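Worksheet: one structure, shown below.
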Amino acid sequence: MAAYSSYAVARERYARLGVDTDHAIERLLGVPLSLHCWQGDDVRGFEGKSSLDGGIQATGNYPGAARTPEELMADIDFALARIPGRHRLNLHASYAVVEEDECVDRDRLEPRHFRKWVDFAKARGLGIDFNPTLFAHPMTRGMTLSSPDESVREFWIRHCIACLRISEYFARELGTPCHMNIWIPDGLKDIPADRLYPRARLLDSLDRIFAAGYDKNLVHVSLEPKVFGIGLESYTVGSAEFYIGYVLTRGLIPLMDNGHYHPTEQVADKISSMLLFSDKIALHITRAVRWDSDHVVRFDDEVRDIANEIVRCDALDRVLCGLDFFDASINRVAAWILGMRNFQKALLYALLTPHERLAELQNSGRFTELMVLQEELKTLPLGEIWAEFCRRAKVEPTEKWLDDVIKYENEVLLLRK
Ligand code: RNT
Ligand code: ZN
């Protein structure tokens, strides 16, 4: 009763600005986010490899990382039960579930190696999104799809084509299109002697992958650029300009990861431009602390700005949102729950913003009023609306979900030695 009346007061406060909180909650309940499986085990996957490469790193040695498909699935279940709404699962090819007596390299992966994931998703009503894995593999020799070595390039082309088939399988089985994103680690530590030909080879490799054909109604393909990685500081083959040019000329989807740009560049500013040229865009929501460090997503200005842009462009159904971070220094299940809830909170904040009114102030040059109202919005009772959203989604509204995580850590995660 007490909780309900505090919601009523908050609802009234927003209503005075012309914002309908019930409508905002309803809309947010229908927004699926893609939960990245790789936070559960520090991007290790099930191929028995323990170290990352390709310029990305998971740092920390908090106990309890999932070691098997069963453990990872149990952890995902635990996290999803504490995240409001219905979501999707984002898998990497390195999470194939291969029988012990079978040895399958990445270029020979088949849909059947993901049957366990399909069963898992079906039973829970989840869609699956997918990523070929072009890092942490003996054939990743600094370069993959842009390699000067034909056999390396062909290996990864075969891998990506295999992943298109697996994505089609996910979509068919689960009755929802699969978003397949390609990110490659290709780059150079020091000053390049040739920037052009690696990019020309990447272009050719991509054309060869898509020439294999796939059902565009079932698979939505995106490409993810990057500015640099650790050990690849001087040159990234798959840069922003390269992929913008590629996706726009091929009818594919641009993906922007907010850790992949120069520090003062803001993905929030890029969204409206990309939406004017592409029917759909995709995002990796992450937190870059000084570099693409993939810290857990917080409810901060950057993330709120991104959410605001999606909502005020009226593009909730045109932007495919997935999370992308891997923090091995804290409880991994808590990292998932917190990151997902934080991005949802940012979307709620955006849905509770009177965008038309603010735009009107901008358009009529009333910048003083605009600034005052923008500042006022920051301290409205968002927490009460958030709590009501969680209650309607039947999950714990407050930080009390952490009590369950601590219990799970003691009873399950700490037994994993
Ligand atoms: C790396 C990219 C990429 C990866 C995942 C694991 O910088 O952000 O999206 O994080 O594919
Ligand atoms: Zn990413």
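Ligands are counted one by one from 1 in listed order, and the atoms in each one are counted from 1 as well. Here the structure is a predicted model, which means the values were calculated and not measured. When a residue number appears, it is its place in the shown sequence, counting from 1.
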Checking [X] against [Y]: charged group under 6.0 Å from the ring centre and within 45 degrees of the axis?
X    : Y    : answer
R199 : F242 : no
K116 : F114 : no
R82  : F78  : yes
R304 : F299 : yes

Of F130, W117, F120, the residue whose pairing with F170 passes ring pair (Phe, Tyr, Trp, His ring centres under 6.0 Å): F130
Taking the side chain as everything from C-beta on, heavy atoms only, tell me whether E110 gets closer than 4.5 Å to R165. no
Aromatic rings F46 and Y95: how do their planes relate, parallel, tilted or perpendicular, breaks at 30° and 60°? perpendicular
Sorted by chain and residue number, the residues having a heavy atom closer than 4.0 Å to an atom of ligand 1 are W38, I56, H92, W183, E224, K226, D257, H260, H284, D292, D324, F326
Answer yes or no: are there more than 12 heavy-atom neighbours, outside R298 itself, under 6.0 Å from its atom CZ? no
Once you round to the nearest 0.5 Å, how far does OG of S94 lie from CZ of R106? 5.5 Å
Under 2.8 Å from the Zn ion (ligand 2), how many protein N/O/S atoms can be counted? 4
